[in-house]
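In what follows, every chain begins at residue 1, and chains take the letters A, B, ... in the order their sequences are listed.
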There are 2 protein chains.
Amino acid sequence: MNATLTALAEPHRLHIVELLRHGPLPVGDIADRLHLQQPQVSKHLRVLHDAGLVGVQPAANRRIYKLETRPLQELDVWLDSFRRLWENRFDQLEDYLQELQRKSAEPNGD
Amino acid sequence: MNATLTALAEPHRLHIVELLRHGPLPVGDIADRLHLQQPQVSKHLRVLHDAGLVGVQPAANRRIYKLETRPLQELDVWLDSFRRLWENRFDQLEDYLQELQRKSAEPNGD
DNA sequence: TTAGAATATTCCTGCAAACGAATATTATAT
DNA sequence: ATATAATATTCGTTTGCAGGAATATTCTAA
């Protein structure tokens, strides 16, 4: 979980993940599309790989990276425990009650 | 998005968010339950607040922090674009095809 | 107004991470 | 074996946090 969030918290890495969503890519292509130096891409891919967010498949001279969905699924599960907070609309009710209280305390709106 | 991920990538802050999932809390209570110094909690809350992940409501001497679900909803929406990758099982098919290729290339299975 | 509780901010230090440049590694082709 | 392409790693530098300690702020109560 933490490794996943840490990996995704870096803008370039997030971008790489979004790029790989459309299919596997070799390192060079990623570097080209993101306008990054190849070494930086390799380093970012290493972090993503350590976090389990990408997998590699060697192909001749190149290494094809592809997205691994497991960590994203875990993130999804984690989010699920919060989902009812906005689906059940309990927060909207709370906001509404606060709004009422605010209006009664200060009749002059904003 | 990036602010959200950056904020959640810190273990203590993630813990605070999980704590606030069960309801609003004043700073002191958070510090107690997480065994953290109050100043550190205030600083983490500042980051969470800047990211829109928490809101504050002053109450007398104290400041009650509560979870804001908007950023988590955005994260949910972002995840949604990846969800079909594991729901449609295209990746499993890909794994299966790779497995076949691996076996035919090396008959002696590891 | 003064004392005290709850919270926020500042200053400092240490550390981890990102970048650029250079170099090393791995694989292919001749 | 050598040259070359693709990728990975290392090194040095810089920057951005996170933590601790101290201090400042804000609010309440008398």
What is the distance from [atom1] of [X] to [atom2] of [N], rounded to the nearest Å?
X: A:Ile64; N: D:dT7; atom1: CD1; atom2: P; value: 7 Å
X: A:Asp32; N: D:dA6; atom1: CG; atom2: C1'; value: 12 Å
X: B:Ile16; N: D:dG19; atom1: CD1; atom2: P; value: 10 Å
X: A:Gln38; N: C:dA22; atom1: CD; atom2: C1'; value: 12 Å
X: A:Lys43; N: D:dT7; atom1: NZ; atom2: C1'; value: 13 Å
X: B:Ile30; N: C:dA8; atom1: CD1; atom2: C1'; value: 14 Å
X: A:Leu25; N: D:dA6; atom1: CG; atom2: P; value: 15 Å
X: A:Leu36; N: C:dA18; atom1: CG; atom2: P; value: 12 Å

For the atom pair [atom1] ([X]) and [atom2] ([Y]), what is the distance rounded to the nearest 0.5 Å?
X: A:Leu72; Y: A:Thr4; atom1: CG; atom2: OG1; result: 7.5 Å
X: B:Leu48; Y: B:Lys43; atom1: CG; atom2: NZ; result: 14.0 Å
X: B:Leu53; Y: B:Arg13; atom1: CG; atom2: CZ; result: 9.5 Å

Quick one: is [X] getting a side-chain N or O under 4.0 Å of the [N] phosphate, OP1 or OP2?
X: A:Arg62; N: C:dA27; value: no
X: B:His44; N: D:dG19; value: yes
X: A:Tyr65; N: D:dA6; value: no
X: B:His12; N: D:dG19; value: yes

*When you check the gap from the basic side-chain N to the acidic O, do A:Arg62 and A:Asp29 get nearer than 4.0 Å?*
no
_Looking only at the aromatic ring of each residue, does the gap between the centers of A:Trp78 and A:Phe82 stay below 6.0 angstrom?_
yes
*Nucleotide of D:dC11, C:dT7, C:dA18 approaching A:Glu10 most closely (side-chain heavy atoms)*: C:dA18
*Minimum-distance nucleotide to B:Arg63 side chain [options: C:dT7, C:dA6, D:dA8]*: C:dT7
*Name the nucleic acid region contacted by A:Pro26, choosing base, sugar-phosphate or nothing; use a 4.0 angstrom heavy-atom cut-off, strictly under.*
sugar-phosphate
*Upstream residue (5' side of DNA chain D) when B:Pro39 and B:Arg13 are each assigned their closest nucleotide*: B:Arg13
*Could a donor-acceptor pair under 3.5 angstrom be found where the side chain of B:Gln40 meets the base of D:dG20?*
yes
